[in-house]
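Order of the sequence lines sets the chain letters (A, B, ...), proteins ahead of strands, with each chain counted from 1.
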Protein chains: 2
Amino acid sequence: MARSKRAKTAERILDIAERLVQTRGYNAFSYADIAVTLRIRKASIHHHFPAKADLAKRLIERYHERFMVALESIGLHSPDPKRRLRRFVQIYSDVLRDDRMCLCGMLAAEIDTLPHQIRDELRRFFSATEDWLTPILASGRRSGSLSFAGAPATEARLLVTALEGAMLVARSYGDVGHFALVADRLLSGIGIAA
Amino acid sequence: MARSKRAKTAERILDIAERLVQTRGYNAFSYADIAVTLRIRKASIHHHFPAKADLAKRLIERYHERFMVALESIGLHSPDPKRRLRRFVQIYSDVLRDDRMCLCGMLAAEIDTLPHQIRDELRRFFSATEDWLTPILASGRRSGSLSFAGAPATEARLLVTALEGAMLVARSYGDVGHFALVADRLLSGIGIAA
DNA sequence: GTCTATAGGTGGATAGAC
DNA sequence: GTCTATCCACCTATAGAC
């Protein structure tokens with residue numbers, strides 16, 4: 001009972017590492033950073049994640065899983081395509097408001113320095129996000145709720161890449177409003193009023 | 001005469017460092033990497049750029065200057081807004097085709113680990129790019145050549161952030177076509193056919 | 001599961017000879 | 001302007017006691 005509120009150590013390591021990667025990047029954080037925050041020794045972290053690459057792999061898996069859960073939750077709660085896409089954008093906005101970059105966007109920048117296995121995970125993440133968006137865009141247009149010219153899959157890719165880029169650039173301004181301007185423009189571009 | 005074809009050492013250091021930052025990031029390259037490529041010693045690099053931050057600062061300055069020269073060149077050679085914007089997108093496409101990320105986009109990802117002075121430089125780069133685009137978009141729409149709904153400055157920001165994001169994500173796929181799809185969609189969105 | 005201790009390497013940076 | 005030599009901090013990772 002005394003430990004019921006405390007997450008297992010492995011999960012707490014992942015929590016701290018996640019924030020570190022999202023703010024500083026994979027190559028700019030160390031086991032020492034985690035050890036200080038968690039107030040254990042570096043060696044103890046290696047017990048849970050033998051190599052840094054193991055930690056990174058698990059980090060992406062967990063992020064991907066949670067992202068998909070969030071998307072499924074959007075699908076369940078709101079059948080309206082406009083509302084779904086607003087909530088989709090809100091996920092990115094919330095991450096940025098917490099002073100973070102998307103985990104996969106950050107790792108994408110460092111792609112040339114990461115194990116090959118991780119490249120595959122990143123691709124899967126972006127593709128899965130597009131795959132979630134595409135049918136919503138398609139059916140939304142069919143029902144007359146949304147309006148855009150090209151293929152739904154193209155529009156999905158624009159949304160994913162533009163939101164990643166807007167986060168990236170907005171962070172250099174330290175201004176969520178910078179992101180919001182682009183996000184609103186993206187939504188209005190498919191017929192969703194701000 | 002014998003050395004007329006060889007750039008000064010400082011410039012060659014910048015050339016190598018530029019590629020390293022654009023491919024690996026600021027935190028994943030070292031003076032040792034440059035030394036090996038240039039076949040001189042690490043200490044010699046410190047003679048030209050005492051600290052790594054000095055190198056980074058000069059790197060952004062040079063990139064920004066050259067980018068602006070490229071934009072001015074577009075302005076001189078083609079009065080047609082459609083043609084200007086196609087050539088604008090082509091600049092990003094060329095960088096990606098050389099297996100690089102935009103230097104400033106890469107540094108933007110690492111923003112939390114960089115000297116504060118560099119944050120200002122990055123902001124200046126993105127803002128200058130938007131400032132170059134905005135009047136072209138405005139006059140292009142006035143003349144009936146371009147077509148979009150909101151403020152020209154908003155459209156400019158969408159273009160800059162979306163192109164950065166498209167480069168970022170496309171690099172994780174190792175596929176320029178991934179970028180091209182988004183780029184074409186961005187252009188068609190303002191009335192420029194592929 | 002956490003600790004101490006340490007290995008073996010690399011990071012940025014400096015002093016001083018040539 | 002380039003070199004050798006060196007510093008010290010930090011890195012990832014391992015061995016073995018508790």
**OP:** When you get a sec, tell me which of C:dG12, C:dT2, D:dC3 is the closest nucleotide to the side chain of B:Ser30?
**Re:** C:dG12
Compile the donor-acceptor pairs under 3.5 Å between side chains in residues 72-79 of chain B and protein atoms, sequence neighbours left out, one pair per line.
{"residue": "B:His77", "atom": "ND1", "partner": "B:Ser73", "partner atom": "O", "Å": "2.7"}
{"residue": "B:Ser78", "atom": "OG", "partner": "B:Ile74", "partner atom": "O", "Å": "3.0"}

Kindly say if [X] contacts the phosphate of [N], meaning a side-chain N or O under 4.0 Å from OP1 or OP2.
| X | N | answer |
| --- | --- | --- |
| A:His48 | C:dT2 | yes |
| B:His47 | D:dT2 | no |
| B:Thr9 | D:dG1 | no |
| B:Ser44 | D:dC3 | yes |

Taking N or O atoms only and anything under 3.5 Å, show me the protein contacts with nucleotides 13-17 of chain D, one pair per line.
{"residue": "D:dA13", "atom": "OP2", "partner": "A:Lys52", "partner atom": "N", "Å": "2.7"}
{"residue": "D:dA13", "atom": "N7", "partner": "A:His46", "partner atom": "NE2", "Å": "3.1"}

Integer-rounded Å distance: [N] [atom2] and [X] [atom1]:
| X | N | atom1 | atom2 | answer |
| --- | --- | --- | --- | --- |
| A:Ile13 | C:dT2 | CD1 | C1' | 11 Å |
| B:Leu38 | D:dC3 | CG | C1' | 14 Å |
| B:Ile34 | C:dG12 | CD1 | C1' | 12 Å |
| B:Arg41 | D:dA5 | CZ | P | 10 Å |
| A:Asp33 | D:dT12 | CG | C1' | 13 Å |
| A:Lys8 | C:dT2 | NZ | C1' | 18 Å |

Original post:
When you match B:Ile40 and A:Phe29 each to their closest nucleotide on DNA chain D, which lands nearer the 5' end?
Top reply: B:Ile40
Subject >> For B:Phe148, ring-ring contact (aromatic ring centres under 6.0 Å, His included) partners two or more places apart >> reply: none
Original post:
Taking only residues two or more places apart in sequence or in another chain, which ones pass ring-ring contact (aromatic ring centres under 6.0 Å, His included) with A:His178?
Top reply: A:Tyr173
Subject >> Set of residues satisfying salt bridge (Lys or Arg N to Asp or Glu O under 4.0 Å) with respect to A:Arg100, sequence neighbours excluded >> reply: A:Glu18, A:Asp98
Subject >> With A:Asp94 via side-chain hydrogen bond (donor to acceptor under 3.5 Å, both in side chains) - residues at least two apart >> reply: A:Gln90
Original post:
Does B:Lys57 count as lying over the ring of B:Phe49, i.e. NZ or CZ under 6.0 Å from the six-ring centre, within 45 degrees of the axis?
Top reply: no
Original post:
Between the main-chain N or O of A:Met101 and the side-chain N or O of A:Gln22, is there a donor-acceptor pair closer than 3.5 Å?
Top reply: yes
